Amino acid sequence: MHGEIDQVRNEALAALAAAQTSSALAEWHSHYLGRRGVLTQLMRQISQIPPTERPAYGQAVNALKEELSAAFTARQQEVSAQELAQQLAAETVDVTLPGRQPTLGTLHPVTAMIREVTGIFARLGFQVVEGPEVEYSAYAFDALNIPQDHPARDVWDTIYIDSPGREIVLRPHTSPMQIRVMEQRQPPIRVVVPGRCYRYEAVDATHEWHFHQIEGLAVDEHITMADLKGTLAAFARQLFGQERRVRFRCDYFPFVEPGVDFAIDCMFCHGEGCRVCKGTGWIEILGAGMVHPQVLRNVGYDPERYTGWAFGMGVERLVMLKYGVPDIRLFYQGDLRFLAQFSRTTVW
Ligand code: DAH
């Protein structure tokens, strides 16, 4: 009988040494030490043994049981240590790997230009204000000295909104904010107004049906054309280079008198004449002029006491001139190959 015990011992210890995982160990345990396991069966066989040998047999089986239990506990510790080591190795994070670079967004070139221009005027003492894109005709035209049946109204190809009662438009320029600001405040006024405008326009390389303007307005006692010229020259030189020469020529806008067209010498050919300035040596930047006395009267200002000037410029045009963009449609096609080229433009 002892021979069998020895055989079970050898087999069990060999199987234990071969068990590599905790589930193999659990199987081993139920096979040898479980309630119906090999050891229980060995113990049951005691009835087939001559009574005199039973105590020795029982002791031997019990001793084996203890030995195997102890061996099991030891092996269990080894295996769980091994398993932990394997798990740690598998789950290792290499903290020295460089991270994935997130793609950084950039400001749209029109947004960047609005910030640059309004920044220049802010440093000249102007406040930045914004107004509605959906506007009353009364503000977009009438109060600006463009009456209903005046031919000048045709200059602005306006998109009208179906509205019973007061006529409403998508503003075709930022000039209506001149009226809104003057209605709400008393002079001195110095504001710039960036904003989106809309026109019923056949789209081509230089025309979009929606675009941006920046309006300027200064009203106070003793404001003269000289202030306008000095301010616009300072602005143009900050944006396009200190060496810029400036030109003011007569032009017509119903809300100013006199009205001017403001140009700088071409920064590409320095006045020689090239493709950008269409051979003239000059590039027109904006329209401006002394606020028409009728416009001042329309907001209840006394034109004998107050004078002022205003200007309006197209933002896309400024970006096109500054960076040589050939087609206005590029701004609104969402093509990142175009937009990403402006990632280094100045912003604040
Ligand atoms: N609002 C004009 C336009 O859209 C631009 C303009 C011209 C604005 C002269 C002004 C100005 O304030 O004085 O064509």
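Counting starts at 1 for both ligands and their atoms, in listed order. Bear in mind that the values here come from a model prediction, so they are computed numbers and not experimental data.
Distances below 4.0 Å separate heavy atoms of Gln213 from the following atoms of ligand 1: 3 (C), 4 (O). Atoms of ligand 1 found under 4.0 Å from any heavy atom of Gln178 (numbered from 1 in listed order, with element): 12 (O). Near Arg199, meaning under 4.0 Å from one of its heavy atoms, ligand 1 places the atoms 3 (C), 4 (O), 14 (O). Atoms of ligand 1 lying under 4.0 Å from any heavy atom of Val256, numbered from 1 in the order shown and given with element: 13 (O). Heavy-atom proximity to Ser175, at under 4.0 Å, picks out these atoms of ligand 1: 1 (N), 8 (C). Short contacts between ligand 1 and Gly289, defined as distances under 4.0 Å to a heavy atom of the residue, involve ligand atoms 13 (O).
Residue Tyr198 forms a side-chain hydrogen bond (donor to acceptor under 3.5 Å, both in side chains) with just one option from Glu135, His210, Glu133, and that option is Glu133.
Taking the six-membered ring for Trp and the full ring otherwise, the centers of Tyr200 and Trp209 sit at least 6.0 Å from each other. If you look at Tyr323 and Phe342, their ring centroids are closer than 6.0 Å.
Counting heavy atoms closer than 4.0 Å to ligand 1, residue Met290 contributes nothing at all.
Under the 4.5 Å side-chain criterion, counting only non-hydrogen atoms from C-beta, Gln333 is not in contact with Phe338.
In this structure, a donor-acceptor pair under 3.5 Å is absent between the side chains of Glu66 and Asn62. A donor atom on one side chain and an acceptor atom on the other are not found under 3.5 Å apart for Tyr139 and Gln178. Defined by atom type and a distance below 3.5 Å, a donor-acceptor pair is missing between the side-chain atoms of Glu83 and Thr21.
Heavy atoms of Arg171 come nearer than 4.0 angstrom to ligand 1 in no pair at all. Residue contacts with ligand 1: Met313 is excluded, as none of its non-hydrogen atoms falls under 4.0 Å. By the 4.0 Å heavy-atom criterion, Phe255 is counted among the residues contacting ligand 1.
Cation-pi check for Arg190 over Phe126 is not met; the charged atom does not lie both under 6.0 angstrom from the ring centroid and within 45 degrees of its normal. Within the cation-pi definition used here (under 6.0 Å to the ring centroid, within 45° of the axis), Arg196 does not qualify as a partner of Phe211.
Here the protein heavy atom with the shortest distance to atom 3 (C) of ligand 1 is Trp156 NE1, 3.6 Å. Of the protein's non-hydrogen atoms, Glu215 OE2, 2.7 Å is the one closest to atom 12 (O) of ligand 1.
Residue-to-ligand polar distances place Ala310 within reach of ligand 1: an N/O pair is separated by less than 3.5 Å.
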